[in-house]
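In each ligand, atom 1 is the first atom listed, and ligand 1 is the first ligand listed. Any value given below was found using the heavy atoms of this structure, including those in side chains, with hydrogens, waters and symmetry copies removed.
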Amino acid sequence: MVTSSAPGKVYLFGEHAVVYGEPAVPCAIERRVHVTATEIDEGLRIHANDLQLDGFTVEYSGDGESHPDVDVAESLVEAGMGYVNEAVAQARDAADAPAAGFEISVEGDIPLGAGLGSSAALVVAAIDAATRELGVELPASEIADRAYQVEHEVQDGQASRADTFCSAMGGAVRVEGDDCRRLDGIDTLPFVIGYDGGAGDTGALVAGVRDLRDEYDFAADTVAAIGDVVREGEAVLGTGDYETLGELMDFNHGLLSALGVSSRSLDSMVWAARDADAHGAKLTGAGGGGCIVALDETDDALTALKYTPGCENVFRAELDTDGVRQE
Ligand SMILES: Nc1ncnc2c1ncn2[C@@H]1O[C@H](COP(=O)(O)OP(=O)(O)OP(=O)(O)O)[C@@H](O)[C@H]1O
Ligand SMILES: C[C@@](O)(CCO)CC(=O)[O-]
Ligand SMILES: [Mg+2]
């Protein structure tokens, strides 16, 4: 039995635009998904107590048959389990053990579908745990690559390498197309996260931006402008100039908002953080609902968000310089 874990992330800059080849800077945070893999004779059994489908907790056997004790549509269960199914397929392939069976248990402290990269953390940790259980130790870069294949497959081609690379490597990273790099010398960033308790549909939100971009030149320009913000941001990232970083985060949020991926509750959390003198604040991840990230080393934004209607949970998230690891 092997347990591995991998971190979630926030986007300092660049979500959505990264899908079209602009650079992005996601940063790993100290919130993790833990996956335990145990080899069994055949098939795939998954325990995922954090995954609620229509309010039901799911126990699933991927060999076609059995199902939750409750009546949940097969398609919903398949969708929920797709990441684990595909991660296990990657592990079997990497270890050259096509028939290996697994029992997989998942638990995590990353809210699901909220822009903190729970899917990438799950896939990265699952590939690591399952390959180690088969006696194979993959380099983090290969885990990142295989995890990207999984997200790409499960999300119908709507995925960049950003979430999976960041989760596998840890720290602050820069992703532009297939060019993925860790950014050295960045050990700390004062992130405060506000969570509205909701979720966004990543595939649908990415498709919405794609449509806008196809329809209007100014939407394409907006996506390109996000790339400019990222390039400006990475130039000051190592200097500790939180003032400028925050200003650029604010700008980035405005551009995402123009592309239609913010929401009323994300906007009110962003404004609550700004009113409390955070250096800057923006939505993180696909948007539509979920989380914002603010830059603030004081407790002011944290306190203000606690009393913001629509904010269900607020927490500080340290930069996690460790990526995937065996526990
Ligand atoms: N702890 C977990 N247990 C089971 N499944 C999980 C877990 N964490 C993530 N998942 C899977 O990942 C899906 C959420 O992925 P999705 O890409 O929609 O959101 P996210 O990764 O949290 O946010 P974003 O991609 O915007 O950063 C869940 O519906 C589930 O299938
Ligand atoms: C919206 C997006 O840019 C980030 C989702 O966390 C999609 C992706 O990069 O895969
Ligand atoms: Mg995801």
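By the criterion of a heavy-atom distance under 4.0 Å, neither the backbone nor the side chain of A199 is placed next to ligand 1. Of the heavy atoms in L112, both backbone and side-chain atoms come closer than 4.0 Å to ligand 1. Residue contacts with ligand 1, taken as heavy atom pairs separated by less than 4.0 Å, involve K9 solely via side-chain atoms from C-beta onward. Residue T284 does not touch ligand 1, judged by heavy-atom distances below 4.0 Å. Contacts between A48 and ligand 1, counted as non-hydrogen atom pairs separated by less than 4.0 Å, involve the side chain only.
The number of protein N, O or S atoms lying under 2.8 Å from the Mg ion (ligand 3) is 1.
For H47 and E103, the side-chain atoms include at least one donor-acceptor pair closer than 3.5 Å. A donor-acceptor contact closer than 3.5 angstrom is absent between the side chains of Y83 and E153. Looking only at atom types and distance, the side chain of S119 has a donor-acceptor partner in the side chain of E151 under 3.5 Å away. A donor atom on one side chain and an acceptor atom on the other are found under 3.5 Å apart for T36 and T3.
If you look at ligand 2, the protein residues with a non-hydrogen atom under 4.0 Å away are K9, Y11, E15, H16, V18, V19, A159, S160, D163, V206, G285, A286.
An N or O contact shorter than 3.5 Å is missing between E151 and ligand 1 by distance. Considering backbone and side-chain atoms alike, G115 places an N or O below 3.5 Å from some N or O of ligand 1. At under 3.5 Å, not a single nitrogen or oxygen of G285, backbone or side chain, sits near a nitrogen or oxygen of ligand 1.
Results of the side-chain contact (heavy atoms from CB on, under 4.5 Å) test with R274 over H279, H253, M249 single out H253 as the only residue that passes.
Linking ILVMFWY residues whenever their side-chain heavy atoms come closer than 4.5 Å, directly or via other members, leaves I127 and Y148 in distinct clusters.
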For residues 213-226, run the donor-acceptor check on the side chains, cut-off 3.5 Å, and write out each pair with its distance to 0.1 Å, sequence neighbours left out.
unit_1 : atom_1 : unit_2 : atom_2 : d
T222   : OG1    : F218   : O      : 2.6

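One finds a salt bridge joining D322 and R325 here, because a Lys/Arg side-chain nitrogen approaches an Asp/Glu carboxylate oxygen to under 4.0 Å. A salt bridge between D145 and R161 is present, with a side-chain N of the basic residue lying under 4.0 Å from a carboxylate O of the acidic one.
Remark: D275 engages W271 in a side-chain contact (heavy atoms from CB on, under 4.5 Å) (not counting sequence neighbours).
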